[in-house]
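Proteins come first, then strands; the chains are lettered A, B, ... in the order of their sequence lines, and each starts at number 1.
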Protein chains: 2
Amino acid sequence: MRMFCCCTAFLLLILIPTGCEGGNILVFPSEGSHWVNMNILLKPLHSRGHNITVLRPINSWYIKDDSSYNTITVPVENILDQKLLTRLVSEAIQVERGALPLTSFLQKSVGMISLFLDIHKAVANFVSAILDDSDLIRQLKDSKFDLLLADPCSGSGVILAKYLNLPLVYNVRWLIFAEAHFSIAPSPLSYIPVTGTGNTVEMTFFQRVKNIVLHIITQTQNSLAVKLLYQKITDKYFGPGYDFNELMIDADIWLMRVDFVFEYPRPTMPNVVYIGGFQCKPAKPLPQHLEDFVQSSGEHGFILMSLGTFVTELPADITNEIAAAFAKLPQKVIWKYKGSKPATLGNNTLLVDWMPQNDLLGHPKIKLFVAHGGTNGVQEALYHGVPVVGIPVFFDQHDNLLRLKERGGGKILSLATVDKHNNFLKAIEEVLSDPSYRANMQRLSRLHRDKPVMPLDNALFWIEFVMRHKGAAHLKAESYRMPWYSYHSVDVVLFLAGAMLLVLVTTFYLIRCIYTGMCKYKVKRE
Amino acid sequence: MRMFCCCTAFLLLILIPTGCEGGNILVFPSEGSHWVNMNILLKPLHSRGHNITVLRPINSWYIKDDSSYNTITVPVENILDQKLLTRLVSEAIQVERGALPLTSFLQKSVGMISLFLDIHKAVANFVSAILDDSDLIRQLKDSKFDLLLADPCSGSGVILAKYLNLPLVYNVRWLIFAEAHFSIAPSPLSYIPVTGTGNTVEMTFFQRVKNIVLHIITQTQNSLAVKLLYQKITDKYFGPGYDFNELMIDADIWLMRVDFVFEYPRPTMPNVVYIGGFQCKPAKPLPQHLEDFVQSSGEHGFILMSLGTFVTELPADITNEIAAAFAKLPQKVIWKYKGSKPATLGNNTLLVDWMPQNDLLGHPKIKLFVAHGGTNGVQEALYHGVPVVGIPVFFDQHDNLLRLKERGGGKILSLATVDKHNNFLKAIEEVLSDPSYRANMQRLSRLHRDKPVMPLDNALFWIEFVMRHKGAAHLKAESYRMPWYSYHSVDVVLFLAGAMLLVLVTTFYLIRCIYTGMCKYKVKRE
């Protein structure tokens, strides 16, 4: 094909309508990185003239009451904070490094589930406190919100939306413990990898076995959280006859934080809108000291390393190994790091508390991103076309990185062996020297950016769509209200099989009857 | 919610990039209304600078070789023409009117299937003739096309695309005999109505039985066409090991000619792009004589009647009844009609050979559309928000109209009873006098038009996307390559059940063994 201009043919202009009054949006809180993701939507909604009200627990870790939104502080404590997360991360690192005997491993695994349940319990208490506070409920009803925006990683937002009878939009990747597609769209486990299995879209027989077993475990955890917490609140405030799982699926629009350059192709539904990479934007100029540092790398360029917001510290042997490896490279390195300075740190490595990650990833001199594999970091690497060496710590991070590795855009190192046999240095050098990693990431970047509507614009459009039309009922399949045997047509298949059997048996007896009759007639005649 | 401006917030500007060379598109032919739909895409593609080459049979009904595209005429005859279609329509009308005894009905039904197979045979011969013509194949290969654009209502386009190794985009609603979603997306028959059943998204038990039975019949017809025709060509030109059904599903992008204001919500796939209503556009001013006629209707407004391009004539008793009913109305009527003038025609009714349907449907004085229920007419009524009285003739027309009726936008009359008991007049008067019909259609129109990208722009974007990236492999699930028992995890479930059984049996025997051993030990001690 002859060349197309890269500017392509489409340009989307977003005009803020003058003289239009904005909508009125209620936001159900979510903590940590979930709030970061929610805030990416709230900022442009706020500047487009919408009124944003955020509910927050009294000691919210991330949601401050001096933000530019209206905040309503509920006197209930949030338990998810930096301390708890640091504990979780450090336990996950111990598990990943295989440093635990089996009994401790099992103990930690059970402890982690119980801890997750405690986090859900705190969010459940939070919504209960809101529903029990008649003044607050009156205030919320009087505010005449157009929409509730929630992240369904907890099940409380949907309960409040239902109670206030508000249209509901999800900013979503997880529904309680499971990837959200598994709740809304048919998801054949034969080719859709379950998070945590390390499977890809192509599985061997035993990988498919693992896929199904882990799916059963995840769904059991989900059922446990629903049964112990959310169904109880549903029963208390709505009376009998309301199934929490049905409420949960009944959202108008699901803004899904993936796209199909990152995610493997899978069935979807009309009310799922893909906004993966919605936080990505072209790089802005760097602060002068960073620009100077980066420029000093010359033709070798620089490496960026960040293990995300929550992994503040790794064990010292690992950080020393990483620092020593960096010191051997001709590249410069910017490393987001909060611990004590590694003894082996080279002159080419700059430790920073915070950095403008998007602007650094979009800098022309960047060569490599060393990352933990959080969805946002991976999407940003995809957007800017930067190859990745990943050191996954927990949850979906290995699966996220696998999606890059499978497409030739990076390598994955295990925490268990990252500090052994020069593994870290070898991986870095391979990705830096083999041009295919960069070429593949650049190709993925071109695919990711080539959309008729940019992900953030798409998210804003559908939020405003739901406000304009008071929901999106025409996009919602209501099949989840059917009993499972009807949904899967088990009743109809049994009926048809029965009917066929009846016809066969009747025909058989009829033929036998006629035959017997004829024989008798023959005998009689003889 | 406070009011939003209707101009909404989004404006899409399509800029034809200057200095960009266009792509090179090969179009596999489809006849009649399918060509009309294809041409809606080809015109803007052509004016955006793409080179369009259309393959056509020597006596093509619709594709003329004096068109503005390059045409390659293949010396093979097309059998689908106005004469054949008139025969089909007239037989369908006889069936619809219940005017046939059972034996004739069955005869006609079998005849119709055999006729459809003949039409497919002609298209299959057409592609065979292309593949057998080595000069033509060389010419096609030398042309270095970027893309093959086909309507998969026949299976020949995909065979040519595979032979030339070209990316493939479908402009699609039907895949051979079946609605296209059934081939590409999981389609639970418990809530997805099969065309021809007259079912909606909510079905009783016996409607679900009917749904499954008709699905089996449709799939059997499809298998017949594949086995008798397309698989044979596949075997001949690609050798063994190629399954035609797999090739058919392997298209890069499926531009689906519905949207979810028209269609019921159902599972979909990442490479399905919804372009329903892509032919709709704001009304242009009418020719003077029509504008004068329409204006003469005063406050009563006017009614538009069209039974589409192919239903040229209805039985005289029906047309007389319709004409007499129209004559009793205060509205003016524009009736697209080619037969002899009905005896009962009133002065308020203008018969026309052709009319600018989109401009009339978008005229402020229109009150009602009397239509046969073709997809395009229904989508245009939705776009302009005009209520409909439908008289379906055959195929999907009843199902299309049902989607409006269910949403309160119109009424359906049966050909069997349209001329009895003043049914036609009563239906027209009801829809004219009850404002809910118009209000519902206006609501649907608002939903239909409120999209971040207009359907035609979306179609053009994705066609150009496939050309830019030489396909859209990252959006295609390849699960259809799995054997059915793996796709549905039957093998894994059996394995897990077997493993559980083994564990249970082993445990049982172990316990029994220990118990027996203990008993023996006890006896011994005693």
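- With a 4.5 Å cut-off on side-chain heavy atoms, A:W462 and B:P452 count as touching.
- The two residues B:F465 and A:D450 come nearest to each other via the heavy atoms CE1-O, 3.3 Å.
- Neither the backbone nor the side chain of B:V201 comes within contact range of chain A; no heavy atom of the residue lies under 4.5 Å from a heavy atom of that chain.
- A pairwise comparison of heavy atoms in A:P270 and B:P265 identifies CG-CA, 4.0 Å as the closest pair.
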Could you walk me through whether B:L496 and A:V213 pass side chain to side chain contact (heavy atoms under 4.5 Å, CB included), step by step?
-> CA-CA 9 Å; B:L496 286 173; A:V213 170; 4.1 Å; yes
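- Here the straight-line distance linking atom CZ of A:R446 with atom CZ of B:R468 works out to 12.0 Å at 0.5 Å rounding.
- Other residues, nucleotides and ligands contribute only 12 or fewer heavy atoms inside 6.0 Å of the CG atom of B:N165.
- The OH atom of A:Y487 lies 10.5 Å from the CG atom of B:L189; values are rounded to the nearest 0.5 Å.
- In this structure, chain A has a heavy atom under 4.5 Å from the backbone of B:R266, while its side chain stays farther away.
- Atom CZ of residue B:R481 and atom OH of residue A:Y191 lie 13.0 Å apart, to the nearest 0.5 angstrom.
- The number of heavy atoms from other shown groups lying within 6.0 Å of CD (A:E246) is above 12.
- Chain A forms more heavy-atom pairs under 4.5 Å with one residue of B:I184, B:D259, B:I212, B:V493 than with any other, namely B:I212.
- Shown here is B:Y485, whose OH atom has no more than 12 heavy atoms of other residues, nucleotides or ligands within 6.0 Å.
- Comparing B:S479, B:A472, B:A499, B:S489 by heavy-atom pairs within less than 4.5 Å of chain A, the highest count is held by B:S479.
- When each of A:P186, A:A185, A:S486 is checked for heavy-atom pairs under 4.5 Å with chain B, A:S486 comes out on top.
- In terms of heavy atoms, A:L447 sits closest to B:H474 at CD2-CE1, 3.7 Å.
- When heavy atoms are compared at a cutoff of 4.5 Å, B:L444 does not approach chain A at all.
- With a 4.5 Å cut-off on non-hydrogen atoms, B:M482 touches chain A through its side chain but not through its backbone.
- Only the side chain of B:F206 comes within less than 4.5 Å of a heavy atom in chain A; its backbone stays farther off.
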